[in-house]
Amino acid sequence: MNANTTAALNLVNVTLEYPDGDSGTLKALDNVNLAVAAGTITSLVGPSGSGKSSLLAVAATLVRATSGHLAINGIDATPLSDQDRTTLRREEVGIIFQQPNLLASLTALEQLIIGEHLRGTAPRAARPRAMEMLDIVGLSDAASRRPHQLSGGQRQRVNIARALMGEPSVLLVDEPTAALDHERSDSIIRLLWSITREFRVATVMVTHDTEFVPLTDAVATMRDGRLSASELIAS
Ligand code: ADP
Ligand code: MG
């Protein structure tokens, strides 16, 4: 594949078609190319229905592209079995969607530890890292709180901490601030920025709020499934 090998996330000529009507197809992604380097954050903008979430779903290995190639941290995901894609996702991809999707009965700390269970890490071994991650997102005092005892911004911070537990090389974020007011949105975006730098992850963030775009390293625009070449923002 003709990939940019220095990028931690690479999509090359990715097309995704959904069945549409009796015999037609809808191109949610139309020959998309995207390369994101470790330690940088790319914002993904574009109208509703243009394919932004579809792009994240393919990049997350949750949805297989109809054609084209996906590589994560140098690993070509295209030929992998579903099981190997799941393993790759657990080891290399952090996913942060709009709704934090936390389990109501678990504390903030437990939300992080339970995910590690799926990676085969014992709770006792996962605990120090979970505490460290809560500290990084500014929630060390809230480790024993359950979701209903946290604000919307705090729940999103738990979500972010959880996504970092597996030391991902790629972080995929879909409208992280859609449910938050301006001040909280601003601090969540700044947190994602500092995490991207500190952990050297390749981050793609879908945002409808163009105000935050200047805080990112590059902007890519989707329109009808087509991605304009992402342009670097002068810093
Ligand atoms: P955005 O996130 O930019 O709003 P999406 O990626 O959700 O856009 O959707 C892109 C297009 O693909 C839309 O026309 C949408 O209706 C269609 N689409 C998304 N998911 C599916 C699906 N699971 N089945 C069929 N069509 C879908
Ligand atoms: Mg979407």
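The basis for the numbers below is simple: all heavy atoms, side chains too, and nothing from hydrogens, waters or symmetry mates. Just follow the structure's listing: the first ligand is 1, and inside any ligand the first atom is 1.
In the vicinity of Ser54, heavy-atom distances shorter than 4.0 Å reach the ligand 1 atoms 5 (P), 6 (O), 9 (O), 10 (C). Ligand-side atoms of ligand 1 in range of Ala28: 12 (O), range being under 4.0 angstrom from any heavy atom. Atom numbering of ligand 1 starts at 1 in the shown order; those under 4.0 Å from a heavy atom of Ser48 are 4 (O). Atoms of ligand 1 lying under 4.0 Å from any heavy atom of Pro47, numbered from 1 in the order shown and given with element: 3 (O). Against a heavy-atom cut-off of under 4.0 Å, Gly49 is close to the following atoms of ligand 1: 1 (P), 3 (O), 4 (O), 8 (O), 10 (C), 11 (C), 13 (C), 14 (O).
Residue Lys52 holds the heavy atom nearest to atom 3 (O) of ligand 1 of all those in Arg223, Lys52, Met222, His208. Of the candidates Leu16, Leu26, Thr25, Leu26 brings a heavy atom nearest to atom 14 (O) of ligand 1.
Remark: Arg197 engages Asp217 in a salt bridge, criterion side-chain N to carboxylate O under 4.0 Å. Salt-bridge annotation for Lys27 and Asp224: absent, with no side-chain N of the basic residue lying under 4.0 Å from a carboxylate O of the acidic one.
Counting only heavy atoms, the protein gets under 4.0 Å from atom 25 (C) of ligand 1. Note that atom 5 (P) of ligand 1 has protein non-hydrogen atoms nearby, at separations under 4.0 angstrom.
Remark: minimum distance from atom 18 (N) of ligand 1 to any protein heavy atom is reached at Tyr18 CE1, 3.5 Å. The protein heavy-atom contact nearest to atom 8 (O) of ligand 1 is Gly51 N, 3.1 Å. Atom 7 (O) of ligand 1 has Ser53 CB, 3.8 Å as its closest protein atom, hydrogens excluded (heavy atom only).
Between the side chain of Glu198 and the backbone N or O of Ile195 there is no donor-acceptor pair closer than 3.5 Å.
Few gaps surround NE2 on His208; more than 12 heavy atoms of other groups in view lie less than 6.0 Å from it. Annotation: Arg223, atom CZ; neighbour count of heavy atoms from other residues, nucleotides and ligands within 6.0 Å does not exceed 12. Annotation: Arg64, atom CZ; neighbour count of heavy atoms from other residues, nucleotides and ligands within 6.0 Å is above 12. Around the CZ atom of Arg226, the shell of radius 6.0 Å holds no more than 12 heavy atoms that belong to other residues, nucleotides or ligands.
Backbone or side-chain N, O or S atoms of Ser53 reach the Mg ion (ligand 2) at under 2.8 Å.
Distances between N or O atoms of Pro19 and those of ligand 1 include no value under 3.5 Å.
No heavy atom of Gly46 sits closer than 4.0 Å to any atom of ligand 1.
Side-chain contact between Arg157 and Ser187 is present, with heavy atoms from C-beta onward closer than 4.5 Å.
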Leu56 vs Ile95, side chain to side chain contact (heavy atoms under 4.5 Å, CB included): CA-CA, chis, key distance, verdict: CA-CA 9 Å; Leu56 291 197; Ile95 300 173; over 6 Å; no
Worked check of side chain to side chain contact (heavy atoms under 4.5 Å, CB included) between Leu192 and Thr203: CA-CA 8 Å; Leu192 288 168; Thr203 300; 5.5 Å; no
